[in-house]
Chemist: 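I am attaching a structure below and will ask some questions about it afterwards.
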Amino acid sequence: MRIHVINPNTTASMTDKIGNCASRVAAPGTEIHVSQPESGPVSIESHFDEAISAVGVLEEIRRGEALGADAYVIACFGDPGLLAARELTRAPVIGIAEAGFHLATMISTRFSVVTTLARTAIIAEHLLDQYGFRHHCRQVRATDLPVLELENPAGNAYQALLAECQRARDEDGIGAIVLGCGGMADLTERLAQDLGLPVVEGVSAAVKLAESLASLGLGTSKHGDLAFPRPKPFAGKFADWGE
Ligand code: 5HY
């Protein structure tokens, strides 16, 4: 089984980290192919960043279709381009926010999300509403860490994240925490150890869900709104997307 894991930002060290996390949890026989768009923001921290990165995600899906991917993971907590990506393939496409929410609700009645910048918290809240998990989530908390601070080994990202997770554990009446950034993929076990409660990380959650769906032969439905886009001409730099 071949799973394409896409880091929608263009920071190679974070793509490597996400790839390592995915490979660590993949079942024997699952081949993880990790990639990032050729063009786009080094980190996704706003609606604008997300809109641009979504095009990059779609280009990686198109590449994956040519390479015969069995499933896809979109490894950014905004799940950029998720529904559009599903229109381009019969394979399952899993966003790490969606996957994290699903798994957290299977191990706790209430969870909180701990993410990076405060300005991105609204993006997670919109996804909670879109996916129907708002009533399971007590809080979307922000550490106010820029995403790329997670790539700074000399920084205090871990301590800042741990402190906000401790506040969530002690104040939110929750049973689990969902990490709100693909760049936190390597911190899960250590955080769970230090916090004493389950910590759900989206990349590994999405890889396991993608494996499950693909092994059950369950792919993206082509009946209804996720059918392939109707062929039509595209103008300008998107001309090669058109018929
Ligand atoms: C992510 N940004 O997972 C999101 C996190 C965020 O570049 N990878 C990013 O803050 O929304």
Side-chain angles (χ1 to χ4, degrees), residues 4-22 25 34-60 72-82 85 93-104 111-131 133 137 139-152 155 157-158 160-161 164-165 168 177-188 191 199-207 209-210:
H4 278 226
V5 177
I6 302 164
N7 172 22
N9 73 39
T10 54
T11 296
S13 62
M14 193 172 286
T15 303
D16 294 345
K17 179 196 295 184
I18 288 168
N20 295 339
C21 170
V25 299
V34 65
S35 72
Q36 63 186 53
E38 282 170 15
S39 310
V42 292
S43 62
I44 299 159
E45 298 173 322
S46 68
H47 303 293
F48 175 75
D49 295 344
E50 201 154 277
I52 301 292
S53 73
V55 175
V57 166
L58 300 177
E59 286 166 348
E60 292 309 304
Y72 299 90
V73 168
I74 298 176
C76 167
F77 205 76
D79 296 352
L82 180 62
V93 184
I94 311 292
I96 65 170
E98 183 186 28
F101 298 157
H102 275 291
L103 266 61
F111 64 86
S112 283
V113 174
V114 179
T115 191
T116 56
L117 293 178
R119 69 174 294 165
T120 67
I122 186 68
I123 295 174
E125 288 165 10
H126 284 171
L127 292 179
L128 287 164
D129 293 333
Q130 183 185 335
Y131 301 147
F133 286 111
C137 183
Q139 281 244 37
V140 176
R141 290 171 169 270
T143 56
D144 243 7
L145 283 170
V147 168
L148 293 187
E149 193 51 32
L150 293 160
E151 298 306 297
N152 172 10
Y158 182 78
L161 185 54
E164 196 59 45
C165 288
I177 285 174
V178 176
L179 296 182
C181 181
M184 295 172 181
D186 60 338
L187 304 176
T188 316
L191 279 169
V199 173
V200 179
E201 182 281 310
V203 173
S204 44
V207 167
L209 286 173

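As the structure lists them, so they are numbered: ligands from 1, and atoms in each ligand from 1. On a predicted model such as this, the values are computed, not experimentally measured, just so you know.
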Chemist: Can you find a pair of side-chain heavy atoms, one from Pro80 and one from Ile74, that are under 4.5 Å apart?
Modeler: yes
Chemist: Going by side chain to side chain donor-acceptor pair (under 3.5 Å), name the residues that satisfy it together with Asn152, two or more places apart in sequence or in a different chain.
Modeler: Glu149
Chemist: Which is it for Met184 and Leu161 under the side-chain contact (heavy atoms from CB on, under 4.5 Å) test, yes or no, and what are the steps along the way?
Modeler: CA-CA 9 Å; Met184 295 172 181; Leu161 185 54; 3.9 Å; yes
Chemist: Go ahead and list the nitrogen or oxygen contacts between ligand 1 and the protein that come in under 3.5 Å, distances to 0.1 Å, or just say none.
Modeler:
from: ligand 1; atom 1: 2 (N); to: Ile44; atom 2: O; distance (Å): 2.7
from: ligand 1; atom 1: 3 (O); to: Phe77; atom 2: N; distance (Å): 3.0
from: ligand 1; atom 1: 3 (O); to: Gly182; atom 2: N; distance (Å): 2.8
from: ligand 1; atom 1: 7 (O); to: Asn9; atom 2: ND2; distance (Å): 3.0
from: ligand 1; atom 1: 7 (O); to: Ile44; atom 2: N; distance (Å): 2.8
from: ligand 1; atom 1: 10 (O); to: Thr116; atom 2: OG1; distance (Å): 2.4

Chemist: Taking only residues two or more places apart in sequence or in another chain, which ones pass side chain to side chain contact (heavy atoms under 4.5 Å, CB included) with Glu125?
Modeler: Ala121, Ile122, Arg134, Val140
Chemist: Among residues at least two apart in sequence or on other chains, which ones pass side chain to side chain donor-acceptor pair (under 3.5 Å) with Ser112?
Modeler: Asp172
Chemist: Between His102 and Tyr131, does a side-chain contact (heavy atoms from CB on, under 4.5 Å) hold up when you go through it step by step?
Modeler: CA-CA 9 Å; His102 275 291; Tyr131 301 147; 5.9 Å; no
